[in-house]
A.B. asks: 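Just passing along the structure, written as structure tokens.
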Amino acid sequence: MEIQVSGKDIVITHLQDFCLRDILCCGQCFVFRELAPDTFFGTAGGRALTVSQSGDTLTLHNTTPTDFEGFWRGYFDLDRDYAAVKRALCCDETLRLAVAYAPGMRVLRQPPWEALCSFILSQNNNIKRIQGIVERLCETFGEALPGGGYGFPTPQTLASLTVEDLAPLRAGFRAKYILDAAQKVASGEVNLNELYTLDIDDARRSLMRIKGVGIKVADCALLYGASRVEAFPLDVWMKRAMASLFPKGLPDCAVPYAGLAQQYIFHYIRCGVKGACEVGAEGK
DNA sequence: AGCCAGGGTCTGC
DNA sequence: GCAGACCATGGC
């Protein structure tokens, strides 16, 4: 990986184990939309970004070295050795297939509040509609950013609102959960900064004090919002995948990176093999 | 038209 | 602890 500054762009060449489309479209974040093939625009951490990939070159447009080093480098998880992770996961044949299906998959390091909010909105919902709700949330209550688009509204902003205020989002029953999360985070009752260092069970329990946050949403907030790769979110897709592909449980070699393994498996069963989940499900 | 969606809460055993 | 109704909305 080599990083150069070219005008207002940051250009990364010789990038390994990185597929922008898989990373941004696999359902781990909902704030990027594709402007043109392999070119995406989105906002995170109060910054707007247009990013494109061509082969092993990734270009971050209209950003600065400060924003790159201070945010995007971490956001795209550029300093994790995915080759080593993939070698470890390939101890198991099924995991090997999942990794081979999307070898450029990565898990983003999103700001914890943004991940928490996003996955509260994800419950009993589909990815298309989640994207729409998040977009309306940012446009309605977020701050307009210099590079275009709107940032994620802060907990403080949302904490002062009512469910009626959130009606334009069409978030349904999830609106009250967003408000409870905002209030508990703004008041300090839930401290998102602790999620990085707390024992994983304590971190999960802390998040579950918020109404509408159960085990799955908490694990998503921990994995995507605090880089806790030992967290292993089990949604309806992953439950089907585990029943059919890993009836004896996740292989031991994957446990330290369960969350990363989860991302390969999730994408594999949703997009890779049509019918992979029905095979084992027929017997029950 | 009807089923399902990156679930959680509440109630009743 | 576990099952089932219910929750709002819209994509397919």
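Just so it is clear, the values below take in all heavy atoms, side chains as well, and ignore hydrogens, waters and symmetry mates. The sequence lines fix the lettering, A, B, ..., with proteins before strands; numbering per chain opens at 1.
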A.B. asks: Indicate whether the side chain of A:Thr157 and that of A:Thr154 have a donor and an acceptor atom separated by less than 3.5 Å.
C.D. replies: yes

A.B. asks: Passes side chain to side chain contact (heavy atoms under 4.5 Å, CB included), A:Arg106 versus A:Leu78? Steps please.
C.D. replies: CA-CA 9 Å; A:Arg106 292 190 179 218; A:Leu78 293 180; 4.2 Å; yes

A.B. asks: Taking any heavy-atom pair under 4.0 Å as a contact, classify A:Gln262: base, sugar-phosphate, or nothing.
C.D. replies: base

A.B. asks: Under 4.0 Å, counting only non-hydrogen atoms across every strand here, what does A:Cys29 touch: a base, just sugar-phosphate, or nothing?
C.D. replies: nothing

A.B. asks: When you compare B:dG6 with C:dA3, how far apart are their C1' atoms, in angstrom units rounded to a whole number?
C.D. replies: 22 Å

A.B. asks: Got a sec: does the NZ of A:Lys211 have more than 12 other heavy atoms crowding it under 6.0 Å?
C.D. replies: no

A.B. asks: With a non-hydrogen cut-off below 4.0 angstrom, is A:Ile215 in contact with a base, only sugar-phosphate, or nothing?
C.D. replies: sugar-phosphate

A.B. asks: Using a strict 4.0 Å threshold on nitrogen-to-oxygen distance, state whether A:Asp77 and A:Arg80 make a salt bridge.
C.D. replies: yes

A.B. asks: Return the value, rounded to whole Å, for the distance between atom CZ of A:Phe232 and atom C1' of B:dG6.
C.D. replies: 13 Å

A.B. asks: Mind checking what makes side chain to side chain donor-acceptor pair (under 3.5 Å) contact with A:Thr64, not counting sequence neighbours?
C.D. replies: none

A.B. asks: I'd like to check the side chain to side chain donor-acceptor pair (under 3.5 Å) partners of A:Asp165; sequence neighbours left out, ordered by chain and number.
C.D. replies: A:Thr162

A.B. asks: Rounded to the nearest 0.5 Å, what separation is found between the OG1 atom of A:Thr43 and the CD atom of A:Glu143?
C.D. replies: 11.0 Å

A.B. asks: When you compare the protein's N or O atoms with those of nucleotides 10-12 of chain C, which come within less than 3.5 Å of each other, and at what distance?
C.D. replies:
| unit_1 | atom_1 | unit_2 | atom_2 | d |
| --- | --- | --- | --- | --- |
| C:dG10 | OP1 | A:Arg170 | NH1 | 3.0 |

A.B. asks: Which residues in residues 172-190 of chain A have a heavy atom closer than 4.0 Å to any atom of DNA chain C?
C.D. replies: A:Gly172, A:Phe173, A:Arg174, A:Lys176

A.B. asks: Sequence neighbours excluded, which residues qualify as side chain to side chain donor-acceptor pair (under 3.5 Å) partners of A:Thr66?
C.D. replies: none

A.B. asks: Nearest whole angstrom, please: distance from the P of B:dC4 to the CH2 of A:Trp237.
C.D. replies: 11 Å

A.B. asks: Would you say the base of B:dG6 stacks on A:Phe119 (centre-to-centre below 5.5 Å, plane angle below 30°)?
C.D. replies: no

A.B. asks: Rounding to a whole Å, what distance do you find between A:Lys216:NZ and B:dG8:P?
C.D. replies: 7 Å

A.B. asks: Indicate if A:Phe41 and A:Phe68 have the same hydrophobic cluster label, given that clusters are the connected sets of ILVMFWY residues with side-chain heavy-atom separations under 4.5 angstrom.
C.D. replies: no

A.B. asks: Atom CE of A:Met238 to atom P of B:dA5: distance rounded to whole Å?
C.D. replies: 15 Å

A.B. asks: Nearest whole angstrom, please: distance from the P of C:dC7 to the CG of A:Leu121.
C.D. replies: 20 Å

A.B. asks: For the pair made of CD in A:Gln131 and C1' in B:dA5, what is the distance, rounded to whole Å?
C.D. replies: 13 Å

A.B. asks: Is A:Leu121 linked to A:Met208 within one hydrophobic cluster, defined over Ile, Leu, Val, Met, Phe, Trp and Tyr using a side-chain heavy-atom separation of less than 4.5 Å?
C.D. replies: yes

A.B. asks: Distance between the C1' atoms of B:dA5 and C:dC7, in whole angstroms?
C.D. replies: 13 Å

A.B. asks: If I take atom CG in residue A:Asn125 and atom P in nucleotide C:dC6, what distance separates them, rounded to the nearest angstrom?
C.D. replies: 20 Å

A.B. asks: Check the pair A:Tyr224, A:Gln263 against side-chain hydrogen bond (donor to acceptor under 3.5 Å, both in side chains), reporting the backbone distance first and the verdict last.
C.D. replies: CA-CA 10 Å; A:Tyr224 302 121; A:Gln263 204 59 42; 2.6 Å; yes

A.B. asks: Between B:dG8, B:dG6, C:dC7, which one does the side chain of A:Asn124 approach most closely?
C.D. replies: C:dC7

A.B. asks: A:Gly27 near the nucleic acid: base, sugar-phosphate alone, or nothing, with a heavy-atom cut-off under 4.0 Å?
C.D. replies: base

A.B. asks: Can you tell me, in whole Å, how much space there is between the P of C:dA8 and that of B:dT11?
C.D. replies: 15 Å

A.B. asks: Can you get from A:Leu145 to A:Phe30 by hopping between Ile, Leu, Val, Met, Phe, Trp and Tyr side chains that sit under 4.5 Å apart?
C.D. replies: no

A.B. asks: Considering only heavy atoms, which members of residues 220-228 of chain A lie under 4.0 Å from some atom of DNA chain C?
C.D. replies: none

A.B. asks: For A:Arg240 and B:dG7, give me the distance from atom CZ to atom P, rounded to whole Å.
C.D. replies: 10 Å

A.B. asks: Same cluster for A:Leu161 and A:Leu116 if Ile/Leu/Val/Met/Phe/Trp/Tyr side chains link at under 4.5 Å?
C.D. replies: yes

A.B. asks: A:Leu234 or A:Gly212: which one's nearest nucleotide on DNA chain B is closer to the 5' end?
C.D. replies: A:Leu234

